[in-house]
Amino acid sequence: MTDSKIAAKPWSGRFQQTTDAFVEAFTASVGFDRRLYRQDITGSIAHARMLQRQGILSEDECDAIVDGLGRIQARIEAGSFQWSVALEDVHMNIEAALTDLIGDAGKRLHTGRSRNDQVATDIRLWLRDEIDAISTTIAQLRETLLDLAEREADSILPGFTHLQVAQPITFGHHMMAWVEMLERDAERLADCRKRVNVMPLGAAALAGTSYPLDRAYTAEQLGFDRPASNSLDAVSDRDFAIEFCAVASILMMHLSRFSEELILWSSAQFGFIELSDAFCTGSSIMPQKKNPDVPELVRGKTGRIFGHLMALLTLMKGQPLAYNKDNQEDKEPLFDTADNLRGSLQVFAGMMQHLSCNRERMRAAALQGFSTATDLADYLVCRGIPFRDAHEIVGKAVAFGLREQRDLAELTLAELRRFAPAIGPDVFDVLTLEGSVAARDHLGGTAPNQVRAAVARRRKTARQTP
Ligand code: ARG
């Protein structure tokens with residue numbers, strides 16, 4: 001390595017030897033943190049404007065910096081910017097290019113700041129944008145599910161516990177369960193954003209700076225809610241990134257469960273739904289196959305996102321205050337989490353939009369497995385029989401039905417009366433699937449009325465969210 005290369009490193013002053021070539025590559029982050037170029041430039045422009053306002057930079061210097069950074073951004077976006085591993089990271093690459101372009105003024109940009117507060121600022125700006133984009137995608141998926149719930153408010157399928165037929169439910173009600181989960185995910189994300197949107201700039205390396213900075217002004221320019229209150233904390237903690245990965249993990253856990261249902265439901269054995277061809281793939285050997293790859297992949301990606309959460313927690317747990325190079329390892333897990341979360345949500349929204357339900361198959365499945373047994377017990381309770389006795393009576397009727405291979409609704413009145421003489425001809429109203437779901441007509445119940453009301457309520461709250 002040549003002397004000119006040593007000189008190229010902004011920190012080379014105290015060094016007598018060049019960096020080992022492998023160490024240079026090993027310690028560099030430019031391969032992945034160049035993704036932060038826009039946030040780095042935006043942050044630098046706000047910092048320069050503040051320095052000028054405070055009389056630390058002249059107007060000419062500030063103008064040259066702002067103009068130079070704009071040109072660098074254009075070059076990066078045109079693909080003609082030369083990234084250098086010797087310059088380690090996105091911050092030093094851009095700063096060196098700026099000095100190259102505008103001379104001495106470029107060297108003044110780093111006044112009152114360090115890469116430690118700079119990188120923390122860049123990540124927060126980047127994550128804030130990602131959170132906003134992800135929130136929009138969640139809203140799109142929610143809209144799709146609301147439309148689907150409304151369309152299928154009357155469609156009946158068996159509800160399961162232990163994956164055994166339990167009670168009839170409506171498909172719309174089932175979709176609304178997912179809407180509730182997504183709603184909480186959106187709330188968690190919005191809450192996480194509050195803690196992301198705090199500005200580290202001004203913390204400098206760790207202790208703050210001796211220049212008379214106006215941190216509130218920089219924060220305002222960058223849309224941060226406020227400057228961070230403690231310089232050590234501002235440069236070192238990545239809890240905001242960990243929190244995002246935790247929110248992402250919970251969200252992916254929901255999408256993974258949802259995927260599992262779609263995979264089961266689209267199998268020949270269930271046959272409840274059909275995914276659009278546009279969201280499935282075939283087999284290279286079995287011509288009949290149509291595989292639910294999209295939900296399978298979402299379920300699979302959940303694993304790596306949980307892994308990223310663990311990676312960041314572990315990254316942080318052993319670090320003394322303040323900044324340590326360990327933190328450079330925060331970016332790849334964070335980027336990958338945001339990319340895959342966003343992708344999963346987007347593909348889910350499209351897939352659910354084109355989902356078709358096989359109402360006959362769902363209904364036929366709900367007719368099997370004595371799904372209205374609880375309704376018969378409730379009927380007996382209405383005729384004065386204590387619930388525990390009613391449970392026992394219906395259990396015996398089910399055992400009889402199993403022997404006869406007939407569902408409760410297929411037994412005759414005389415047969416049913418053998419188990420409880422109180423049973424009248426009106427029992428068949430509650431033994432039907434429609435009667436069973438319609439009876440659960442209260443807030444949170446599966447009745448079609450309630451599904452439509454829940455959809456309307458959610459549409460109203462969704463409209464209020466900015
Ligand atoms: N590339 C570094 C990172 O991602 C930037 C901060 C480096 N600071 C330092 N003092 N070495 O964390």
> Cut-off 3.5 Å, side chains only: do Thr372 and Ser436 have a donor facing an acceptor?
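Short answer, no.
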
> Please round to the nearest 0.5 Å and tell me the distance separating atom CG of Asn116 and atom CG of Leu206.
8.0 Å

> Between the side chain of Asp407 and the main-chain N/O of Glu410, is any donor-acceptor distance below 3.5 Å?
no

> Can you measure from CD (Glu274) to CZ (Phe272) and round to the nearest 0.5 angstrom?
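Going from the CD atom of Glu274 to the CZ atom of Phe272 covers 14.5 Å.
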
> For Thr170, is there any backbone N or O sitting under 3.5 Å from a side-chain donor or acceptor partner on Thr446?
yes

> Which residues pass the side chain to side chain donor-acceptor pair (under 3.5 Å) test with Asp33, not counting sequence neighbours?
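With neighbours one apart ignored, the set is Ser29.
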
> Keeping to residues at least two apart or across chains, list the ring-ring contact (aromatic ring centres under 6.0 Å, His included) pairs with something in residues 374-404.
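Listed by first then second residue: Phe400-Phe419.
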
> Kindly write out the residues that satisfy side chain to side chain donor-acceptor pair (under 3.5 Å) with Gln450, not counting sequence neighbours, or none if the list is empty.
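Checked Gln450 against side chain to side chain donor-acceptor pair (under 3.5 Å); matches are Asp441.
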
> Is it the case that atom CZ in Arg38 sees more than 12 heavy atoms from other parts of the structure closer than 6.0 Å?
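Open: at most 12 neighbouring heavy atoms sit under 6.0 Å from CZ of Arg38.
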
> Please check this pair: side chain of Arg215 against backbone of Met199, looking for a donor-acceptor N/O pair closer than 3.5 Å.
yes

> Looking at Glu95 and Arg115, does any basic side-chain N land under 4.0 Å from a carboxylate oxygen?
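Answer for the salt bridge query: no.
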
> Suppose we screen for side chain to side chain donor-acceptor pair (under 3.5 Å). Which residues come up paired with Asp225, at least two apart in sequence or across chains?
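Once residues adjacent in sequence are excluded, the partners of Asp225 under the side chain to side chain donor-acceptor pair (under 3.5 Å) criterion are Asn197.
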
> Are the charged groups of Asp147 and Arg459 less than 4.0 angstrom apart, N to O?
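Looking at Arg459 together with Asp147, the answer is yes, because their closest N to O distance falls below 4.0 Å.
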
> On a heavy-atom basis, which atom in Met175 and which in Leu148 lie closest, and how many Å separate them?
SD-CD2, 3.8 Å

> Can you establish whether the number of heavy atoms outside Arg406 located under 6.0 Å from its atom CZ is more than 12?
yes

> Compute whether any side-chain donor of one residue and acceptor of the other, for Thr374 and Gln167, lie under 3.5 angstrom apart.
yes

> Under the salt bridge (charged side-chain N to carboxylate O under 4.0 Å, His left out) rule, collect the residues that match up with Arg238, sequence neighbours excluded.
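Partners of Arg238 under the salt bridge (charged side-chain N to carboxylate O under 4.0 Å, His left out) test: Asp330.
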
> Check the pair Glu183 / Arg142 against salt bridge (charged side-chain N to carboxylate O under 4.0 Å, His left out), numbers first and verdict last.
CA-CA 8 Å; Glu183 209 52 43; Arg142 180 184 51 206; 3.0 Å; yes

> Which pair of heavy atoms, one from Asn93 and one from Glu88, lies closest together, and at what distance?
ND2-N, 4.3 Å

> Looking at every non-hydrogen atom in both residues, tell me the closest pair between Leu408 and Ala373 and how far apart they are.
CD1-CA, 3.7 Å

> List the residues meeting ring-ring contact (aromatic ring centres under 6.0 Å, His included) with Phe335, not counting sequence neighbours, and say none if there are none.
Trp126

> How far does CD of Glu329 sit from CG of Asp326, to the nearest 0.5 angstrom?
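Reported value, rounded in 0.5 Å steps: 8.5 Å.
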
> Tell me, yes or no, whether the heavy-atom count around Gln82 atom CD, taken from other residues, nucleotides or ligands under 6.0 Å, exceeds 12.
no

> Hey, what do you get for CG (Asp233) to CG (Leu321), rounding to the nearest 0.5 Å?
8.0 Å

> Would you please name every residue forming a salt bridge (charged side-chain N to carboxylate O under 4.0 Å, His left out) with Arg417, sequence neighbours left out?
none

> State which residues pass salt bridge (charged side-chain N to carboxylate O under 4.0 Å, His left out) with Lys289; sequence neighbours excluded, sorted by chain then number.
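Per chain and number, Lys289 pairs via salt bridge (charged side-chain N to carboxylate O under 4.0 Å, His left out) with no residue.
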
> Hey, are the side chains of Leu380 and Ile423 touching, using non-hydrogen atoms and a 4.5 Å cut-off?
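A side-chain contact under 4.5 Å exists here.
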
> Are side-chain N/O atoms of Thr281 and Asn291 paired as donor and acceptor at under 3.5 Å?
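Distance-only check fails for Thr281 and Asn291.
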
> Can you tell me if Thr412 and Glu415 form a side-chain donor-acceptor pair at under 3.5 Å?
yes

> Check side chain to side chain donor-acceptor pair (under 3.5 Å) between Arg184 and all other residues, then give those that pass, not counting sequence neighbours.
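Partners of Arg184 under the side chain to side chain donor-acceptor pair (under 3.5 Å) test: none.
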
> Under a 3.5 Å distance rule, please check whether Asn340 uses its side chain to pair with a backbone N or O of Thr337 as donor and acceptor.
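It does not hold such a pair.
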
> Any salt bridge between Arg452 and Glu150, counting N to O under 4.0 Å?
no

> Quick one: does Arg124's side chain have a donor or acceptor within less than 3.5 Å of a partner on Phe224's backbone?
no

> With a 4.0 Å cut-off on N to O distance, would you call Glu243 and Arg188 a salt bridge?
no

> With sequence neighbours excluded, what pairs up with Glu296 under the salt bridge (charged side-chain N to carboxylate O under 4.0 Å, His left out) test?
none

> When you check the side-chain N and O atoms of Glu261 and His174, is any donor under 3.5 Å from an acceptor?
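Checked: Glu261/His174 side chains pair up, N/O donor to acceptor below 3.5 Å.
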
> Which pairs, with at least one residue in residues 341-366 and sequence neighbours excluded, count as a ring-ring contact (aromatic ring centres under 6.0 Å, His included)?
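Sorted result for residues 341-366: Phe258-Phe348, Phe279-His354.
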
> Sub-3.5 Å donor-acceptor pair from the side chain of Thr314 to the main-chain atoms of Met310, do we have one?
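A pair under 3.5 Å: yes.
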
> Counting only heavy atoms from other residues, nucleotides and ligands, does the tally under 6.0 Å from NZ of Lys325 exceed 12?
yes

> So, Arg388 and Glu392, do they make that salt bridge, N to O below 4.0 Å?
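Answer for the salt bridge query: no.
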
> Tell me, which pairs form a salt bridge (Lys or Arg N to Asp or Glu O under 4.0 Å) where one or both residues lie in residues 335-353, sequence neighbours left out?
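Matches after skipping sequence neighbours: Arg35-Asp339, Glu130-Arg342, Arg304-Asp336.
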
> Please determine, by modelled atom types, if Gln328 and Asp89 share a side-chain donor-acceptor pair under 3.5 angstrom.
no

> Is Lys460 reaching over with its side chain to a backbone N or O of Val455, donor-acceptor style, under 3.5 angstrom?
no

> For Gln346, I'd like to know if atom CD has over 12 heavy atoms of other residues, nucleotides or ligands within 6.0 Å.
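No, because the 6.0 Å sphere around CD of Gln346 holds 12 heavy atoms or fewer from other groups.
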
> How far does CG of Leu69 sit from CD1 of Ile76, to the nearest 0.5 angstrom?
9.0 Å

> Would you name the heavy atoms of Thr144 and Ala349 that are closest together and state the gap between them?
CG2-O, 3.7 Å

> If only atom types and distance count, is the side chain of Arg361 paired as donor or acceptor with the main-chain N or O of Phe270 below 3.5 Å?
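At least one qualifying donor-acceptor pair exists.
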
> Test Arg383 against Asp378 for salt bridge (charged side-chain N to carboxylate O under 4.0 Å, His left out), laying out the working first.
CA-CA 9 Å; Arg383 266 143 202 80; Asp378 292 342; over 6 Å; no

> Would you confirm whether Thr137, through its side chain, and Ala133, through its main-chain N or O, come within 3.5 Å as a donor-acceptor pair?
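Yes.
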
> Can you name the closest pair of heavy atoms from Asn327 and Ser236 and give their distance?
ND2-O, 3.0 Å

> If you round to the nearest 0.5 Å, how far is CG of Leu433 from OG of Ser155?
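The distance works out to 12.0 Å.
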
> Carefully, step by step, assess Ile134 and Leu189 under the rule side chain to side chain contact (heavy atoms under 4.5 Å, CB included).
CA-CA 9 Å; Ile134 291 164; Leu189 200 58; 3.6 Å; yes

> Short question: side chain of Ser371, backbone of Leu367 - any donor-acceptor pair under 3.5 Å?
no

> Minimum heavy-atom separation for Phe240 to Arg195, with atom names?
CB-O, 4.2 Å

